[in-house]
Amino acid sequence: MSNHYDHAQVQEFWQYVWERDDVYALPEDATDPTYVLGMFPYTSGTLHMGHVRNYAITDAYARYRRMQGDDVLHPMGWDAFGLPAENAAFERKTDPQSWTEACIRRMREELETMGFGYDWSREITTCEPEYYRWNQWLFKRLYEAGLVEYEAASVNWCPDCETVLAAAQVEEREVERSETSALASGEAASREDEHSESSDRGSGEAASREHERVCWRCETPVGRRELDQWFFTITDYAEELHDGLADLEGWPDGVREIQRNWIGRQEGTRISFEVPDYDGDDDAGTVDVFSTRPETVYGATYLAVSPGHDLARELAETDDAVADYVDTVREQDPSEVGFAGVETDVTAIHPLTGEELPVYVAGYVLDDVGTGAVMGVPAHNERDHTFALEHDLPIEQVVIPSTPDKRTSLEDGPYTDEGILEHSGEYDGLESDVARERVVAEHDALEEDVTYRLRDWLISRQRYWGTPIPVVHCEDCGHVLVPDEELPVELPEFVRTTGNPLEAHDSFRETECPDCGGSARRETDTMDTFVDSSWYFLRFLSPHLEDAPFDTELADEWLPVDVYVGGEEHAILHLLYTRFFTKALADLDLLDRREPITELRSQGTVLYDGEKMSSSKGNVVAPQEYGSETTRLFVLSAAHPEQDFEWTANNVRGAYDLQQTLYGMAAAFVEEGDTRVERLDHDEYIAREIDRTIAAVTEEYDRFRFHRAATEIQELARLLRRYREYDRPHGEIYRRGLLALAALIAPMAPHLGEECWNKLRGDGLVVEADWPEPEGDLDDYRRERQLVETTLADVRDIVDTAAIDDPERIELVVAQEWKYDVLRLVDDRVDETLADVDTGSLVDQVLETDAVSGLEVDRETVATFVADLIDRGERADLEHVLAAADELALLDRSSWLVTDEFDADVVVRRASDDAELAERARPGKPAIRIR
Ligand SMILES: [Zn+2]
Ligand SMILES: [Zn+2]
């Protein structure tokens, strides 16, 4: 039969037409286009269902906005650098470039097959010199602005990837332990644990013994290495990155919370301890600690600094024990460090008591948390308590529980709650919070302070397939930046080797110093690929610009990205780096904006048998398997974009059937064309329902609820079908309904929309058509629908309860006019809930009104009606009621539904036509008689 929708054939044809007409290109004269962006894909080989869902969402929204009349910027590109390409090339005896290019060809073809509407003239590929030269250029600008540091650091090293990792690329994984810890834990949970530990800790962070730290990419346990590395000092923006989150109202709360935790802002107190034998650099003779419990300062019995602290480094020069310990810790995995430590020869002076405290170098104090030093308060802190027991240090309680019976022995563990101070000089007897405020206010050695958990962004990678860092190391001049005119520093040909291929490349490594002309060594580290993705959304604005990374003027006009869609797993890496870059670029005067994205949409996971689809689990459904249209319609209609959903053949079938239905209706209409010209009541009902659906679908698209848009479309299709079976349809109204269906489905299923639109002889292409305009207001439609639905339900109820087999005649009688007047009056007079109304005075007032006084309605009838109304309920109900004449007209229009369902004559009457029955009716609830 010709009414079958042959997606394969249709698809190819419309894709050809769209390309021929260049319908997705952003017009040359576009001003402030709507920027819709999906996170660009990593070039891993093929598209997977997560990509399809991601891009189906952005595509539907971009198409919707375009039909609404916006200029839409909807580009696509490739996140093409990175270690997996290097590994894949190594395994396949090819090179990363050929491998990546092959992936891009395949993935682009797949995207095109899916019919996604991108402006391909803006395609960007991060592994091309035209792109990565701007990474190098931006590196230099950041360097000049003081945002790049080159430091010897003890860094996270993945032995499998043979490269260092940024802090955000190390994941915590719970180590399998005995059955005593059956607690479920995920990555998020462990991150939170870690955070809450550091929250009440305040003055440092110990290595966690329950968690293993693994590589985000390959899950290999991460080790430590001491290396000279390049960092972006993202911590300079910690405060702004943190504070700005509050204003990102278009971002999911979950993502903002994850970033907030990652940045880890913490208010506390900086306490200075004098260490007389310490030379130090800038703050000679003092060691600062950070604490959230400064009121426990009288309980400090020792001071401990991290192995990387300046004091430890200084002491290591003369003290062999310290030097040995520092060396040991440097090689250790943080999980092995434990509570070992070494006592030093120096002592610290307690700032309040003047007592001398021993000073330790201890691995449980981390270099990069707080100040890298802690005051040890064993009585009131878990880790200090453990450390004190191990090193036989005094435990002095200075806070006791406010309820004396809760007093416990400190042998078992510290007392970490708040309470009343003791052994704290003039602060004895004060509550913790009061003492805290006073002790900080009254001593110069204590000062309010804020710290952040965020670390600087380590961008060096000891790998080939990334942007070369534009630096040359010269023995005489130190590290020298490659001059702008010599950019890009291009990658040399790939060599197959273990370790870093760039190290093996003599002709790349050996170079001349740009400053002195002497022989020099080129930096062989490449940049973390997250640098590439931190600003790619800017390159899409002017992808072919040759003298700057992006056009600042355009960026000021077109940014921020209006809608950005991607997985929530990017909350701390990509999305944080992108915010950092935007702020840094603004400070370089390259941008006005300080936030890159207005609205962020996280997308959920596609599950199969309850698990995430992944090739390693072998539960992958290829996007093409069901035809592109079925697949995209299904992923959009299955659930809210943010929810996970299960891929089941049955549900896919639903998406398939909807296409067949819509296409079949359009085809049948064109072929049969048996229609009417005169407009009857029930045609008016359909006309209104078409409008209602347009209004509802518009609202759903605006709110990203594609699944609900699909349901509305399905319901209208069902209604139109029924309408056509009920009687010959009105030609114009029916065609308008079918055209509306084609337009409304087009953002989600563009080939189908185009095919139906074309069959119905819609104007031009549906992708370029105007979005259908509803004539009325969505609230009115809701009110009408509610009346029709409750009336139908009431009729069914009566037919059921009275067990009427075959009703012949159904009468609907609307309420008397005065009842509507009473409702309006109550609505006007009552601000608060109905229960608070003075019924007596309300009835008096009602009786005085014209509508009532001219009629033969007695006080008792009115009083009963008002009392009923108040009994029943909510004030909001009053607003849902239509005017008397509108209710009558609506029942007239919709009575065919009753006729159709019960195969009975239906009569709709005014109150005056049947006074007796009308007494039982009330506004919004016609009286019903069935014979
Ligand atoms: Zn790894
Ligand atoms: Zn030099």
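Given the structure is predicted, the values throughout are model-derived calculations rather than measurements. Whatever order the structure lists them in is the order used to number ligands and atoms, beginning at 1.
At a cut-off of 3.5 Å, with distance as the only test, a side-chain donor of Trp78 or Glu123 sits close to an acceptor on the other residue. For the residue pair Trp465 / Gln97, no side-chain donor-acceptor distance below 3.5 Å is found, with atom types taken as modelled. Using a 3.5 Å distance cut-off with no hydrogens or angles, the side chains of Thr233 and Glu149 do not pair a donor with an acceptor.
Between Glu109 and Arg106 no salt bridge is recorded (no basic side-chain N to carboxylate O distance below 4.0 Å).
Under the side-chain hydrogen bond (donor to acceptor under 3.5 Å, both in side chains) criterion, Ser460 pairs with no residue at all, not counting sequence neighbours. Every residue two or more places apart in sequence or in another chain that forms a side chain to side chain contact (heavy atoms under 4.5 Å, CB included) with Val214 is listed here: Glu171, Arg173, Glu212.
Applying the ring-ring contact (aromatic ring centres under 6.0 Å, His included) test between Phe530 and each of Trp216, Phe580, Phe232 identifies Trp216 as the sole match. Residue Glu240 forms a salt bridge (charged side-chain N to carboxylate O under 4.0 Å, His left out) with just one option from Arg265, Lys583, Arg579, and that option is Lys583.
Excluding waters, the count of protein N/O/S atoms less than 2.8 Å from the Zn ion (ligand 2) comes to 4.
Around the Zn ion (ligand 1), protein N, O or S atoms at less than 2.8 Å comprise Cys158 SG, Cys161 SG, Cys215 SG, Cys218 SG.
Taking CD1 of Ile572 as the start and CD of Gln259 as the end, the distance is 8.5 Å to the nearest 0.5 Å.
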